[in-house]
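Below is one structure, written out as structure tokens; the observations come after it.
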Amino acid sequence: GQDTITRVNPDADGGVTYPLPSDATYPMGLAAGPVGSIWFTRSSTDGWLTSPSDGSIGYLDAASGGTQIWQTGSRSAPQDLLMGPDGQMWFTNRGAAPGIGHISATGVGAISSVGSYEPTSLTFGPDGAIWFTDAKNNSVVRVTTDQLQTTNVDLGDGVTMIAPTTTTPPTT
């Protein structure tokens, strides 16, 4: 259904179905993540002529069946995701604010523009850099994670993802 995630048994004979709350219907991307969880992205669209929007990212705790969801904004549409070598979930963002985002299991994250690119799928290279595809520009692009630490796009309304903070060490 549109409001569930099902974990199928290894023999494909049965499994466990987890209901999702109303703000997590139509999950798109799925990936294993930190805290023994199944992470997902979702976004909505009003029709085939409109850009996807009103996105969120979250996880399902397979042990308890509970969910944790963060809204990424009314102009965002998280799509593909995977766990990075840093233990955070990294994802592509479509919609009116295209870019690459990351989020921790505590909801701290950011979405960064990568120039005029519109990332679709992503993976990590052996050096820890992100490689992504961009169907619109017919490109494969490499970017380092240190270039993606702050939100530099207008995500719109309703963001509950927590912005990263940088603390300055005390001077002695």
Side-chain angles (χ1 to χ4, degrees), residues 5 23-24 26-45 48-61 67-169:
I5 291 178
D23 59 349
Y26 298 102
M28 181 172 245
L30 288 174
V35 298
S37 55
I38 302 164
W39 284 72
F40 56 88
T41 61
R42 63 142 306 275
S43 60
S44 62
T45 184
W48 66 277
L49 293 174
T50 60
S51 178
S53 63
D54 196 23
S56 60
I57 187 167
Y59 67 85
L60 168 71
D61 180 331
T67 56
Q68 176 64 56
I69 301 166
W70 294 277
Q71 304 303 316
T72 54
S74 61
R75 294 171 45 88
S76 71
Q79 185 175 351
D80 190 29
L81 81 158
L82 76 153
M83 187 167 68
D86 59 359
Q88 294 192 73
M89 298 306 291
W90 289 82
F91 57 95
T92 58
N93 193 61
R94 296 175 52 225
I100 294 177
H102 60 90
I103 191 165
S104 71
T106 59
V108 175
I111 299 175
S112 301
S113 169
V114 283
S116 61
Y117 295 107
E118 296 183 16
T120 308
S121 299
L122 74 163
T123 192
F124 278 87
D127 63 353
I130 293 175
W131 288 84
F132 67 88
T133 59
D134 175 355
K136 179 181 175 191
N137 293 299
N138 194 28
S139 302
V140 175
V141 182
R142 178 187 179 273
V143 63
T144 61
T145 57
D146 62 337
Q147 297 170 302
L148 306 170
Q149 295 305 310
T150 59
T151 297
N152 61 4
V153 293
D154 176 8
L155 297 175
D157 299 325
V159 177
T160 61
M161 181 176 60
I162 304 162
T165 58
T166 310
T167 57
T168 306

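Heavy-atom basis, side chains included; hydrogens, waters and symmetry copies ignored.
In this structure a side-chain-to-backbone donor-acceptor pair under 3.5 Å is present from Thr72 to Gly55. Looking at Thr160, its side chain does come within 3.5 Å of a backbone N or O of Gln71 through a donor-acceptor pair. Side chain of Arg75 to backbone of Asp154: a donor-acceptor contact under 3.5 angstrom is found. The main-chain N or O of Val153 is never found under 3.5 Å from a side-chain atom of Ser113 such that the two would form a donor-acceptor pair. Between the side chain of Asp61 and the main chain of Ser37, no donor-acceptor pair closer than 3.5 Å is present. Put simply, the side chain of Ser112 never gets that close to the backbone of Asn152: no donor and acceptor are under 3.5 Å apart. Asn93 places no side-chain N or O within donor-acceptor distance of the main-chain N or O of Ser76, the cut-off being under 3.5 Å.
More than 12 heavy atoms of other shown residues, nucleotides or ligands fall within 6.0 angstrom of atom CG in Asp127. The neighbour count for Tyr117 OH, taken as heavy atoms of other residues, nucleotides or ligands under 6.0 Å away, does not exceed 12.
Phe91 meets the ring-ring contact (aromatic ring centres under 6.0 Å, His included) test with no other residue; sequence neighbours excluded.
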Give the C-alpha distance, both sets of side-chain angles, the deciding distance and a yes or no for side-chain contact (heavy atoms from CB on, under 4.5 Å) between Met89 and Met83. CA-CA 4 Å; Met89 298 306 291; Met83 187 167 68; 3.6 Å; yes
side-chain contact (heavy atoms from CB on, under 4.5 Å) evaluation trace for Ile130 with Thr145: CA-CA 7 Å; Ile130 293 175; Thr145 57; 4.0 Å; yes
Could you check Leu30 against Ile5 for side-chain contact (heavy atoms from CB on, under 4.5 Å), going step by step and ending with a plain yes or no? CA-CA 10 Å; Leu30 288 174; Ile5 291 178; 3.9 Å; yes
Full working for side-chain contact (heavy atoms from CB on, under 4.5 Å) between Thr133 and Thr92: CA-CA 10 Å; Thr133 59; Thr92 58; over 6 Å; no
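Side-chain polar atoms of Thr144 and Asp146 form a donor-acceptor pair below 3.5 angstrom.
The two atoms that bring Pro78 and Ser43 nearest to each other are O-OG, 4.4 Å, heavy atoms only. The shortest heavy-atom contact between Trp39 and Leu81 is CB-CD1, 3.7 Å. Ala105 approaches Pro34 most closely through the heavy-atom pair CB-CG, 4.3 Å. Closest heavy-atom contact between Val159 and Gly156: CG2-O, 4.0 Å. Pairing each heavy atom of Gly109 with each of Pro164, the nearest pair is O-CD, 3.1 Å.
Within the model, atoms CZ of Arg94 and NZ of Lys136 stand 12.0 Å from one another, a figure rounded to the nearest 0.5 Å. The distance from the OG atom of Ser139 to the CZ atom of Phe132 is 8.0 Å, given to the nearest 0.5 Å. His102 NE2 to Gln88 CD: the interatomic distance, rounded to the nearest 0.5 Å, is 5.5 Å. Atom CG of Asp80 is separated from atom CE of Met28 by 9.5 Å, given to the nearest 0.5 angstrom. Separation of atoms CD1 (Ile57) and CD (Gln68) is listed at 12.0 Å; rounding is to 0.5 Å. From Leu122, atom CG reaches atom CH2 of Trp90 across 9.0 Å, with rounding to the nearest 0.5 Å.
With a 4.5 Å cut-off on side-chain heavy atoms, Ile111 and Met161 count as touching. Side chains of Leu148 and Val143 form a contact here, defined as non-hydrogen atoms less than 4.5 Å apart.
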